[in-house]
Amino acid sequence: MLAAAVGLSGPYDFLPLRTPELQRIFGPEADRADTQPINQVRGPAPPMLLATGDRDLIVSPGNTDRMAAKLRAVGSQVQIIHYPKLDHPLVVAALAPPLQGIAPVMRDVAAFIDAVTAPRGG
C-alpha cells in the first residue's frame with residue numbers, strides 16, 4: 001500500500017498543447033483529456049506533497065495548484081509548496097547535496113515523508 005506521494009513540478013493539467021511536436025506525442029485532440037493526470041483523479045489518494053517553482057516556464061505552477069484542488073475535492077490530504085526563486089530543473093536539482101542551499105526542497109520532502117509515515121500513537 002502506498003503511504004504517500006511526492007510530486008515535483010508535475011505536468012498534471014497541461015492542455016491545450018501548443019506545439020506540433022506535443023500534439024503528435026499526445027495523439028488526437030479528442031483523446032488528449034485522457035492523458036491528463038488531473039482527469040484520472042477518481043477518489044481519495046494517499047497524502048501528497050506537490051511542490052513547484054514559481055519561475056517554472058516549462059510546467060506552469062498552475063498545474064500544481066489545479067491538481068491539489070482536484071485532490072482536495074475528493075477528500076485527499078495535499079500539501080503544496082511554491083519555491084519563489086526556482087524554475088523547473090532547479091526544483092529537482094535542489095535535492096542534490098551541492099545545491100540544497102538554494103531552496104529547502106530536500107528538507108521539505110523529508111519532513112513530509114517523516115510526518116506521514118511516523119507511527120501513530122494509540
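Only this structure's heavy atoms are used, side chains among them; waters, hydrogens and symmetry mates stay out.
- For residues 26-55, no residue pair satisfies the salt bridge (charged side-chain N to carboxylate O under 4.0 Å, His left out) rule, not counting sequence neighbours.
- Looking at residues two or more places apart in sequence or on another chain, you find a salt bridge (Lys or Arg N to Asp or Glu O under 4.0 Å) between R66 and D13.
- Looking at S76, its side chain never comes within 3.5 Å of a backbone N or O of R72 through a donor-acceptor pair.
- Atom-to-atom distance recorded for L90:CG and L99:CG is 7.5 Å, nearest 0.5 angstrom.
- How far CG of L17 is from CZ of R24: 11.5 Å, rounded to the nearest 0.5 Å.
- The closest donor-acceptor contact from the side chain of Q36 to the backbone of F14 lies under 3.5 Å.
- Residues V91 and D56 form no side-chain contact, since every pair of their non-hydrogen atoms from C-beta on lies 4.5 Å or further apart.
- Other residues, nucleotides and ligands contribute more than 12 heavy atoms inside 6.0 Å of the CD atom of Q40.
- Alongside I58, the hydrophobic cluster contains V59 (criterion: ILVMFWY side chains under 4.5 Å).
- Heavy atoms of other residues, nucleotides or ligands lying less than 6.0 angstrom from CG of L57 number 12 at most.
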Assess the residue pair Q100 and I102 against the criterion (side chain to side chain contact (heavy atoms under 4.5 Å, CB included)); give the C-alpha distance rounded to whole Å, side-chain angles, the decisive distance to 0.1 Å, and a yes or no. CA-CA 6 Å; Q100 288 179 3; I102 63 173; over 6 Å; no
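- Between I80 and L49 there is no side-chain heavy-atom pair separated by less than 4.5 Å.
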